[in-house]
Protein chains: 2
Amino acid sequence: MTSRADKKSNTRSKLIAAGLKLSGQKGYSALSLREVATEAGISPAAFYKHFNNMEELGLALLDEVGLSLRKLLRTARKNVEPGPKAARASVETFMKFVNENGNLFKLLLGERQGATPAFRRAIHAEMDRFVHEIGNDLERSYAVVRQPLRDPLLTAEAIVAVVFTLGAEALDLPQHKQTGLTKRLTQHIQMILRGSQ
Amino acid sequence: MTSRADKKSNTRSKLIAAGLKLSGQKGYSALSLREVATEAGISPAAFYKHFNNMEELGLALLDEVGLSLRKLLRTARKNVEPGPKAARASVETFMKFVNENGNLFKLLLGERQGATPAFRRAIHAEMDRFVHEIGNDLERSYAVVRQPLRDPLLTAEAIVAVVFTLGAEALDLPQHKQTGLTKRLTQHIQMILRGSQ
DNA sequence: TGTACATCAGTGAACGCGCGTTCACTGATGTAC
DNA sequence: TGTACATCAGTGAACGCGCGTTCACTGATGTAC
């Protein structure tokens, strides 16, 4: 029933899951090929049937990050309707995402300046795409109410900066201690939006 | 002339300089005790006469970060007088600092989520102090012109978030390509200040 | 359907390497008299 | 000032360990006839 190809891609998924789990625990750059292979349940040598080295695994993990950021935007668009309460609702959606995808989020933030140039470039590309999409969303929703923003992209950039900075702080906090942070983050965004009108 | 204690603290300085140089090149978490010792010109075993382990060296490096952030504030206070051009002047002072202390800045940003809990705590403490000092500065200078900010601390938090985020991007750019970034950063700050009045 | 051969994901042993840490030591500096 | 002893920063060799990588291999899956 399960073909050779199926089994292979199955093992690949296990390697990615293992990499994600371990990088959440001790940071991607501290991972060894051997421990990822062991966590995934294969021998170190078999790792090479799937990736040429750890960096390739890392880039595969970043693909997952991209997917999950796209999912975040989709959820936000569904749950958040433009208006005075948009900031608060967005922040709640975002915090939920951070808590559910902590490992992916840690990878994104933790390797922003570490790692190899290829890795850094991939991360900045993901973040850029994210900023641009939010910029477009802002432009559209403020055009609807006929109060266009001065510079939607600049606004998006500032919002993403505060959101990711405070999101990183949230990672170290137990979920029940995040309320204050959520509130502060909402105020940050409102402040930025106010200043960009 | 040079006492035993002098020589010892001299070697300690060399270890710190070595750690800073190497962590700028490949990231602090990728450093080995042996290579730091070699770079400083001593044997690996002698490292232990100065620090019990690499983490202690790391905390010593963070002390340097604290010193240099304090120096940055001092310079900014000297060069930047409150007024419409404050943002631009502050950003220029900051960019100069980033270029001159790239290694310290990389350490601060790169280990924000990596490393051990003690390390993370030390970094967040430094950044917190920085935010509070800027918050106080903002409060004072806007009180003078009788247009107090709604929440100086919140404003400072947002400003530091964008400043550090874009500063991190600047680290990867050659100095002559930073002009656009400097301009954008200035606009970010003006936007935040506008929104917090 | 059955047979003979090809493919290839995963194995297990082996390699050389840099690592952190220990230890007994050396010899210059410091101290007491 | 000179002598005898104590201190201690730095040395060099040794250790066991986990690492990335290679290699010939196995045996299940796939393919051709």
Side-chain angles (χ1 to χ4, degrees), chain A residues 1-61 107 110-111 114-119, chain B residues 1-61 107 110-111 114-119:
Chain A
M1 197 66 274
T2 47
S3 71
R4 195 142 69 179
D6 286 344
K7 275 193 181 165
K8 185 173 184 184
S9 87
N10 208 299
T11 305
R12 194 189 137 98
S13 302
K14 277 185 197 158
L15 281 169
I16 289 178
L20 207 50
K21 177 180 169 189
L22 294 174
S23 78
Q25 284 169 17
K26 44 179 1 219
Y28 167 79
S29 56
L31 295 191
S32 77
L33 181 153
R34 287 179 101 102
E35 72 182 322
V36 173
T38 302
E39 173 76 28
I42 62 173
S43 69
F47 179 95
Y48 292 99
K49 304 283 178 179
H50 300 271
F51 303 101
N52 283 315
N53 46 53
M54 281 297 288
E55 175 158 5
E56 277 190 12
L57 172 65
L59 294 175
L61 294 181
L107 180 70
E111 302 304 315
T116 62
F119 216 93
Chain B
M1 196 67 273
T2 46
S3 72
R4 194 142 69 179
D6 286 344
K7 276 193 180 165
K8 185 172 184 185
S9 87
N10 209 299
T11 305
R12 193 189 138 97
S13 303
K14 279 186 195 156
L15 281 170
I16 289 178
L20 207 50
K21 177 181 170 188
L22 294 174
S23 77
Q25 284 168 17
K26 43 174 10 213
Y28 167 78
S29 56
L31 294 191
S32 76
L33 182 155
R34 288 178 98 101
E35 72 183 320
V36 173
T38 303
E39 172 75 28
I42 62 172
S43 69
F47 179 96
Y48 292 98
K49 303 283 179 181
H50 302 271
F51 303 101
N52 284 316
N53 47 51
M54 282 296 288
E55 176 157 4
E56 276 191 13
L57 172 64
L59 293 174
L61 293 181
L107 180 71
E111 302 304 315
T116 62
F119 217 92

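Values below: all heavy atoms of this structure, side chains included; hydrogens, waters and symmetry mates excluded.
Atom-to-atom, CZ of F51(A) to P of dG10(C) comes out at 12 Å; the value is rounded to the nearest Å. Computed from coordinates, the I42(A) CD1 to dA9(C) C1' distance equals 9 Å when rounded to whole Å. Distance, E39(B) CD to dC19(C) P: 13 Å, rounded to whole Å. Whole-Å rounding puts the L57(A) CG to dT21(D) P distance at 13 Å. The CD atom of E55(A) sits 12 Å away from the P atom of dT21(D) (whole-angstrom rounding). In this structure, CG of L33(A) is placed 13 Å from P of dT11(C), rounded to the nearest angstrom. The nearest whole Å value for the distance from the CD atom in E35(A) to the C1' atom in dC17(D) is 14 Å. Atom NE2 of H50(B) and atom P of dA9(D) are 7 Å apart (whole Å).
Remark: dT7(D) base-pairs with dA28(C). Criterion, Watson-Crick or G-U wobble with two distances under 3.5 Å. Judged by Watson-Crick or G-U wobble contacts below 3.5 Å, the nucleotide dG2(C) has dC33(D) as its partner. Summarising the base pairing, dG18(D) is matched to dC17(C) through a Watson-Crick or G-U wobble pair whose two defining distances lie under 3.5 Å. Across every strand in view, dC23(D) sits in a pair with dG12(C) that passes the Watson-Crick or G-U test at under 3.5 angstrom.
Between R12(B) and F51(B) there is a side-chain heavy-atom pair separated by less than 4.5 Å. Using a 4.5 Å heavy-atom threshold, the side chains of L33(A) and Y48(A) count as touching.
Nearest-nucleotide mapping onto DNA chain D: of K8(B) and R34(B), the residue sitting toward the 5' end is K8(B). Residue whose closest nucleotide on DNA chain C sits further toward the 5' end, between K7(B) and F47(A): F47(A). Projected onto DNA chain C by closest heavy-atom contact, A46(A) and Y48(B) fall at different nucleotides, the more 5' of which corresponds to A46(A).
Looking at the side chain of A45(B), the nearest of the listed nucleotides dG10(C), dC23(C), dG10(D) is dC23(C).
Among the protein residues, S32(A) comes within range of the sugar-phosphate backbone only, with heavy atoms under 4.0 Å from sugar or phosphate atoms but none that close to a base. Using a 4.0 Å heavy-atom distance criterion, K49(B) is classed as a base contact.
For dG10(C), the OP1/OP2 oxygens have a side-chain nitrogen or oxygen of T11(A) closer than 4.0 Å.
Between the OG1 atom in T11(A) and the CG atom in D6(A) there is a gap of 10.5 Å [rounded to 0.5 Å].
The backbone N or O of S13(A) sits nowhere less than 3.5 Å from a side-chain atom of N10(A) that would complete a donor-acceptor pair. Side-chain N or O atoms of K8(A) include one that pairs as donor or acceptor with a backbone N or O of K49(A) at under 3.5 Å.
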